[in-house]
Amino acid sequence: MKYEIQATEAKWQDRWEAERVFNVTEDPTRPKFYNVQMYPYPSGALHMGHLRNYSYVDLLTRYKRMRGFNVLSPMGWDSFGLPAENAAIQTGIHPREFTETQIVRMKAQLRRLGAVYDWDRELASHSPEYYRWDQWLFLELYDRGLAYKRNAPVNWCPTDQTVLANEQVVDGRCERCDSVVVKRDLDQWFFKITDYAQRLLDDLDQLDRWPDRVRTMQRNWIGRSEGCTFSMEVAETDLSFDVYTTRPDTVFGMTFAVLAPEHPLVDALIAGTDHESEARAYIAAAGALSEIDRQAEGDKTGVFTGRSAINPVNGRPVPIWIAEYVLMGYGTGAIMAVPGEDQRDWDFATKYGLEIIRTVQPPADFTGEAYIGQGSAINSEFLNGMEMAEAKATIIAWFEERGLGKGTVNFRIRDWLISRQRYWGCPIPMITCPTDGLVPVPRADLPVIHPDVDDYAPGGRSPLAAVESFVNVECPSCGGPATRETDTMDTFVDSSWYFLRYCDASNSEAIFDPAKANYWMPVDQYVGGVEHAVLHLLYARFITKVLADMGMVEVQEPFNALFTQGMLVKDGAKMSKSKGNVVSPEEYYARYGADAIRLFELFIGPPTDDAVWSDNGVEGTARFLDRVWRMATGQVGEIQDRAPNDADREVLADAHRMVQKVTEDIDRFSFNTAVAHLMTFANTLQRALRSGIARETHAESLRLMLLLLSPMSPHLSHELWELLGYGSMLATEAWPGWDAQLVARDVVTMVVQVNGKVRDRIEVDAGIDAETAEATAVASERIREWIDGKEIRTVIARPPSIVNIVVG
RNA sequence: GCCGGAGUGGAGAAACGGCAGACUCGAUGGAUUCAAAAUCCAUUGCCUUCACGGGCGUGUGGGUUCGAAUCCCACCUCCGGCACCA
């Protein structure tokens, strides 16, 4: 009997769906398992790289189900965004039509893989039923002062014609299109994620089932530093400015001060000095540079202002410079320069002939320039002799006593810029009234639906701004003429709460029912790419904390365990459409079926590592599955109607060993070795069949194999399960346990080493004691050859596995 | 520069501090076949030996240990993140 791949796979896909096997509701009597994959952008065609992730998630859904969990595995679509809009610009097809076509295609592809979800909870961020709650969330943040509009220098991508969040700028370039990002001053909406910086940092400690790498990346991104802010007066004026430093202990070593070129005080500072025209030229030149050039580490440039500032600790005047190595966006945009203990200040001082005073004693053998290590304070009056920590505390207290400054904490993270000047996103629900200023759209008027437009092309402002019927509205407050906000939201807003919406996806009265969210949350296993380490994963944590503060959900952290899968690599590059190296599954479905593809995706290597695609790997797993089919249907060897003998009992023991290993390997996410153990047992079973196996042993072996194989290659497993009469729906069976007595071995191979080198292997009783093990080892013929005539210094016995004889 | 992670056969990879290379691909030889496909068997880290066996071997150099791919130190290479953040 031949295995009919296409018909069988279709049959089981139909049955899982028709019998609603994976549709779930809250059930307090069972432990829940909330299994989520980062919802995909509906790009249309899935390639082998994508299928790797779907195979992992589907394995977990099926496995946890069999382990007795109430498993929720939903699916949805991150369906706002640039690709659909760019396609619309090119083809004229409405982004909605384009997107919905792609969603239909992708659903069909997931179904073809045999991936199962609770489709009742399907959501798409472009649907008004979904983005209505984006808008609601925005208004809640606005009411809490967590959403605000401000004019600020922002990152502008000249190609995509929109602003970007800091997190979307990579090495000065747009993460999407790689264009060099420029700064523009624009009125933009921000979410105040900086209010949550400390909590986002602190709670990383409890995420012990996240990869360290991701936690470290978030820590770096949040970038907490402790230091001191104090004020400096400008000599011969009544001006003053604040500086921030993490090294207040070195304040006596300040030999100059530096302002960022954009510092608001600069203009007043240089006005009327001899250096005014030179300084203005410098500022203009700095302003014209791109961010990349600005941030390029190289020769530091700067210009003297002609003014001096007074060092508050000793009244000493120091020259004030303007230099672009000081950034307006961090701290106060002004620094005290201590060249003795800061390499950047050292470089600058050396270049411009400024004084250098060491205030920390370097070790005698120190040969570098600025010294940033530990040491005693010198040249620092009352701080002299103190170590760094003590000196810091002392000087901060000194500042605070006199009201001149205070200990402060700074974060590198900036507020989240969420405005986008693009069409295919969620409209921001705000109205600007000449009388009342910014007025929120009343919640009863949500959703603000974005109208169809003729021209999607970005032109520096949102395409929505061209639609007068959309823009012009009555002010909800005074009824007078007013205008709508025409920017749309960053799509990362959509994705920062979708996992909560899955819990109650069809609720038309609220964003979700807290009771339902509290049943399912937190997500027990979150699966996705590491590229979102500081984007989506940080935003989602932030929004969850906001919703927790609102009392909507109890958890402070949305994702209990995070799994970041490796990429699939082909021809030395990540498999992706843009690289042109994708392998489509269609041909493989036709030849080998979904089960073989899934099994290969699991087997290809450790899930967290990148894996290299190989064309004939699927052939290997297909061969394995075919062998399982033939062994199950009596096409291999001989199944004998007799009582099990010793050989059969050993086969059964191996089957139980397989159950143990596969279970343990799945639990530690070692899917590649789990598959390997199934293959090993298949080899064992095949040998047994060839020499004749008892029917009972054969049946039990197959039963266990099919249970273990079913989360990996579900179609063939289900078909055989039904065919062999074990039941009608394998997916709802319980995961097998193993018999510890059967797994344990009576006789084991003991290795005997002489001086650490293996010299013999002896079959011994598994319960052998150390004394007997040693005696057995020494008595061995082969061992005698190595130890005779030599002095036995010591013998290490670790029965029953090893004995090491050390001879001199 | 700073912070992570990783270097094991021809390839993907295994290996609680205890037999390095499980499992799969590939390759070679063989069985079956009129022939092929499919299937099955055997071999497959390097050197040496007719053979039994022996020697070497997990990026490099040290160290700890009876024993190290695994732990420690230094270095090299690759990958990822951050980077003029005061």
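Here the structure is a predicted model, which is why all the values come from computation and not from measurement. Here is how names work: the chains are called A, B, and so on, in the same order as the sequence lines, proteins then strands, and each is numbered from 1.
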Value rounded to 0.5 Å, distance of CG in A/L207 from CG in A/L204: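 Here the interatomic distance stands at 6.0 Å.
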
Value rounded to 0.5 Å, distance of CH2 in A/W629 from CD in A/Q635: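 Between A/W629 CH2 and A/Q635 CD, I get 8.0 Å after rounding to 0.5 Å.
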
d(CZ, A/F624; P, B/rC23) in whole Å: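 From A/F624 CZ to B/rC23 P: 13 Å.
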
Atom-pair distance (CD1 on A/I222; C1' on B/rG81), nearest Å: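 After rounding, the gap between these two atoms is 14 Å.
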
Considering every strand and a 4.0 Å limit on heavy-atom distances, what is the contact class for [X]: base, sugar-phosphate, or nothing?
X: A/R657; value: nothing
X: A/I802; value: base
X: A/D345; value: nothing
X: A/R782; value: sugar-phosphate
X: A/R412; value: base
X: A/R759; value: sugar-phosphate

Measure from the side-chain heavy atoms of [X] and tell me the nearest of [options].
X: A/W786; options: B/rC84, B/rC19, B/rG55; value: B/rG55
X: A/Y325; options: B/rA14, B/rC40, B/rC84; value: B/rC84
X: A/V751; options: B/rA86, B/rC19, B/rA15; value: B/rC19
X: A/K757; options: B/rC19, B/rC84, B/rG55; value: B/rG55
X: A/V758; options: B/rU39, B/rA13, B/rC19; value: B/rC19

Bracket string, RNA chain B, 5' to 3' - pairs by Watson-Crick or G-U geometry under 3.5 Å, | interstrand: (((((((..(((.....[....)))((((((.......))))))((((....))))..(((((..]....))))))))))))....

Carboxylate-amine/guanidinium proximity below 4.0 Å for A/K351 and A/D347: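 So A/K351 does not pair with A/D347 through a salt bridge.
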
Pairing of A/R623 and A/D626 as salt bridge, 4.0 angstrom limit: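 No, this pair does not count.
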
Taking atom [atom1] in both [N] and [M], what distance in whole Å separates the two?
N: B/rU60; M: B/rC50; atom1: C1'; result: 38 Å
N: B/rC76; M: B/rU24; atom1: C1'; result: 32 Å
N: B/rU70; M: B/rA6; atom1: C1'; result: 14 Å
N: B/rG21; M: B/rU44; atom1: C1'; result: 12 Å
N: B/rC79; M: B/rC25; atom1: P; result: 31 Å
N: B/rU49; M: B/rG55; atom1: P; result: 16 Å

Phosphate OP1/OP2 of B/rA14: any A/N672 side-chain N/O under 4.0 Å: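 So the side chain of A/N672 is within the cut-off, an N or O lying under 4.0 Å from OP1 or OP2 of B/rA14.
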
Phosphate OP1/OP2 of B/rA86: any A/Y244 side-chain N/O under 4.0 Å: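 Answer no for this pair, as no side-chain N or O of A/Y244 is under 4.0 Å from OP1 or OP2.
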
Those residues that, when tested against A/W738, pass ring-ring contact (aromatic ring centres under 6.0 Å, His included) (two or more places apart):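 Testing A/W738 for ring-ring contact (aromatic ring centres under 6.0 Å, His included), a comparison that skips the adjacent residues, returns none.
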
Summary of side chain to side chain donor-acceptor pair (under 3.5 Å) pairs that have at least one residue in residues 799-808 of chain A, sequence neighbours excluded: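 Passing the test, one end in residues 799-808 of chain A: no pairs.
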
Residue that, paired with A/T229, satisfies side-chain hydrogen bond (donor to acceptor under 3.5 Å, both in side chains) out of A/T245, A/T408, A/N410, A/D242: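 Going through the options one by one, the only one that passes is A/T408.
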
In B/rG9, glycosidic geometry as syn within 90° of 0 or anti otherwise: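 This nucleotide is in syn.
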
Under 3.5 Å between N/O atoms: give me all the protein pairs with nucleotides 24-31 of chain B, atom names plus distance.
{"unit_1": "B/rU24", "atom_1": "OP1", "unit_2": "A/N683", "atom_2": "ND2", "d": "3.4"}
{"unit_1": "B/rC25", "atom_1": "OP1", "unit_2": "A/R623", "atom_2": "NE", "d": "3.2"}
{"unit_1": "B/rC25", "atom_1": "OP1", "unit_2": "A/R623", "atom_2": "NH2", "d": "2.5"}
{"unit_1": "B/rC25", "atom_1": "O2'", "unit_2": "A/N616", "atom_2": "OD1", "d": "3.0"}
{"unit_1": "B/rG26", "atom_1": "OP2", "unit_2": "A/R623", "atom_2": "NH2", "d": "3.4"}

Under 3.5 Å between N/O atoms: give me all the protein pairs with nucleotides 65-68 of chain B, atom names plus distance.
{"unit_1": "B/rC66", "atom_1": "O2'", "unit_2": "A/N804", "atom_2": "ND2", "d": "3.2"}
{"unit_1": "B/rC66", "atom_1": "O2", "unit_2": "A/N804", "atom_2": "ND2", "d": "2.7"}

Every protein N/O within reach of nucleotides 41-46 of chain B N/O, cut-off under 3.5 Å:
{"unit_1": "B/rC41", "atom_1": "OP1", "unit_2": "A/R690", "atom_2": "NH2", "d": "2.5"}

